[in-house]
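Remarks on the structure that follows.
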Amino acid sequence: MAGLHKSDFQNPVLNWVDTRLPILTLMTKEYGSFPTPKNFNYFWNFGALAVVNLMVMIASGIFLSMNYNASTAGAFDSVERIMRDVNYGWLLRYVHMNGASMFFIIIYIHIFRGMYYGSYKAPRELLWMSGVTLFLLLMATAFMGYVLPWGQMSYWGATVITNLFSAIPGVGNWIVTLLWGGFSVDNPTLNRFFSLHYLLPFVITGVVFLHVVALHITGSNNPLGIDPKSEQDTLPFHPYYTAKDSVGMAVYFLVFATIVFFIPNLFGEADNYIPANPLQTPNAIVPEWYFLPFYAILRSVPDKLFGVICMFGSILVWFVLPWLDTSPVRSARFRPMYRWSLRLMVLSMLALGVVGAHHPIEPYVSIGRLATIYYFLHFLVLVPLFGFIERPLPLPESISKPVLRRNFPGGGGPLPTGAAAKPMEKI
Amino acid sequence: MRRLAAAAALGMVLLAGAAYAAGEEELPPFLKTNWSFGGTFAADAFGTYDRASAQRGFQVWNEVCSSCHSMKLMSYRNLAGIGLTAGQIRAIAASKTVPGDLNDQGEPTTRPGLPSDHFASPYPNEKASRAANNGAYPPDHSLIVNARVNGANYIYSLLQGYVEPPPGVKVPDGLYYNKWFVGHQIHMPAPLQDNSVTYADGTKATLAQESHDVATFLYFASNPHMDERKHLGVRIVGFFALMAGLTYAVKKHVWSDVHKATHDEER
């Protein structure tokens with residue numbers, strides 16, 4: 001029949017469905033037999049972990065919202081009612097609250113993985129850019145979520161961050177009023193933040209879909225950064241990477257559960273257990289830990305507008321990373337200079353994280369400025385320069401070669417058929 | 001050159017760390033005591049509330065603290081969490097006066113408390129509270145442990161921190177010197193002394209004992225589900241540890257043909 005899909009599924013019911021809506025064929029192709037480089041290390045777990053974490057956040061968030069009261073008069077008490085009186089409300093809330101931190105840990109490792117192994121380079125530019133978009137959406141969602149409990153840090157964090165937009169010349173104050181829905185952070189602000197906090201995760205889900213589609217067009221990068229050349233360089237996604245991802249997932253849940261059940265306030269600020277009070281500024285206004293490096297960049301620049309530009313620019317620069325990097329070699333394993341500079345960039349970020357948590361006094365100011373300078377030096381000067389001056393190490397001929405070369409120079413027979421491309425068992 | 005850059009960066013981080021260790025507060029280290037619910041690895045993982053201590057703590061809180069401080073998020077029924085019986089809770093609630101419904105003339109009334117009522121507050125509102133306390137507002141105690149860094153130790157120390165001010169420090173009228181209060185000048189006069197309460201179980205009511213007990217109760221008020229949380233946590237963390245081992249074994253097994261193939265060819 002014209003237009004109907006020819007399905008390989010033998011089961012008549014599955015065949016009937018798959019002929020009309022070939023979702024089973026699609027899943028088998030993309031997650032069953034999907035040829036995946038055989039040399040992934042555990043860094044390649046973090047994409048799958050991020051998806052799982054997103055689902056955990058949406059599930060816990062939906063149940064939290066059923067008991068949450070988005071008003072300045074009721075928000076704090078409704079969160080405490082969840083913590084005290086709602087059945088397993090403390091579990092939902094601690095999962096959601098620490099899930100945000102877990103999300104950023106996962107995403108930062110995921111981004112580092114992309115930078116270290118050059119996953120942003122052609123042909124994966126759009127894959128990378130959709131990822132940077134996801135990171136920005138995640139930051140916006142997390143920021144608005146932190147405002148919802150309406151504690152002191154919620155309120156003052158919201159005030160400081162929204163005020164940043166006032167630095168924009170001409171329309172700045174207009175934008176801030178729009179964000180606030182008034183002339184200060186107040187009930188309208190809380191209401192719209194709650195609405196957007198519920199909306200954005202679904203936008204994120206949509207962009208994750210684009211991110212995965214792009215990934216399945218270009219195929220995954222791998223620790224060597226060279227393209228698979230033949231069947232012996234790849235393995236079917238199932239069962240090899242489903243098994244490997246399961247290990248990562250169990251460890252992720254182990255860490256997550258340890259935090260939730262035993263140190264649930266590890267990432268939190270004590271001040272956020274004090275109800276918001278617009279008349280009393282806390283001793284120190286500190287954003288959540290995952291914003292600290294960017295907050296430190298903001299404060300390292302003496303000029304407000306330029307500081308805001310640097311803060312947003314420090315992430316936006318990632319969008320053009322595929323074109324800033326002039327080297328044809330992907331993996332940092334073969335790039336001695338880039339590898340070092342990237343490590344120093346990560347150190348700068350860590351230093352900025354420490355600086356962001358402290359009052360802007362010496363030595364933090366100087367450290368923050370040095371680290372900020374190195375951060376931009378890395379992306380804007382060194383990375384473009386390395387393509388011209390760096391001498392990459394020789395690349396292996398293929399993914400299966402480097403292992404074999406140890407004993408058989410130039411050798412490398414085919415793998416047993418069972419290992420090379422085992423199609424997923426048909427149901 | 002590269003080594004130099006690496007050394008510079010490492011130095012930067014170490015410097016930041018050292019400055020962090022130096023700290024920004026000039027408060028002395030908190031007094032040490034052993035908590036049943038935390039402080040050591042075993043107590044953090046498995047420790048539950050010392051119910052006798054928490055009950056004594058409630059006695060201190062009820063007889064002393066509650067004359068100025070509210071605890072609005074707690075209900076009398078929550079006291080079951082420190083081991084009080086339903087009868088004891090009913091009696092405690094009934095001894096309090098809480099706001100009731102409007103009467104038929106539309107006037108506010110009061111009635112004896114029920115276990116389902118929230119803790120009665122000492123003052124009707126913040127203004128009344130400030131008026132009675134020399135302009136200061138005694139903070140609500142529902143979340144006081146969570147709302148302070150290292151809360152239990154902070155409260156334990158603060159309650160014992162009323163000492164003579166160092167020479168040269170003048171404390172204005174209506175303020176009191178406290179070793180562990182930020183700025184050292186606190187509106188609250190020393191609330192506890194030796195024998196401020198008489199414990200029913202015969203425990204000697206020293207200042208340290210009272211401070212320990214009331215801090216335990218306040219920790220409970222901030223985290224009423226801690227016992228349940230840890231109890232569930234031990235089982236869930238155990239489950240995922242088992243899962244991690246199992247999935248790793250499965251992964252090894254699934255990948256064995258790939259690794260074996262590589263190994264065979266090397267041979």
Flag side-chain contact, heavy atom, 4.5 Å: B/Ile236 against A/Phe256: no
Is the B/Trp255 ring parallel, tilted or perpendicular to the A/Tyr241 ring (thresholds 30°, 60°)? perpendicular
What part of A/Val255 is in contact with chain B, defined as an atom under 4.5 angstrom from a non-hydrogen atom: side chain, backbone, both or neither? neither
At a heavy-atom distance under 4.5 Å, which candidate from B/Asn146, B/Val237, B/Val145 has the highest pair count against chain A? B/Asn146
Counting heavy-atom pairs under 4.5 Å to chain B, which of A/Pro264, A/Ala270, A/Gly268, A/Ala250 comes out on top? A/Ala270
Using a cut-off of under 4.5 Å on heavy-atom pairs, state which of B/Lys230, B/Met243, B/Glu228, B/His225 scores highest against chain A. B/His225
Measuring from atom CZ of B/Arg148 to atom OH of A/Tyr273, what distance do you get when rounded to the nearest 0.5 angstrom? 14.0 Å
I'd like to verify something: which residue of A/Ile274, A/Asp77, A/Thr242 has the highest number of heavy-atom pairs under 4.5 Å with chain B? A/Ile274
How far apart are the closest heavy atoms of B/Ala244 and A/Val251, and which atoms are they? CB-CG2, 4.4 Å
Closest non-hydrogen atom pair, A/Glu80 against B/Leu73: CG-CD1, 3.5 Å
Quick check on A/Tyr88 against chain B: is it the side chain, the backbone, both or neither that has a heavy atom closer than 4.5 Å? side chain
What residue in B/His253, B/Arg77, B/Lys252 has the most heavy-atom pairs under 4.5 Å with chain A? B/Arg77
Per-residue contact mode, B/Asn223 against chain A (heavy atom under 4.5 angstrom): side chain
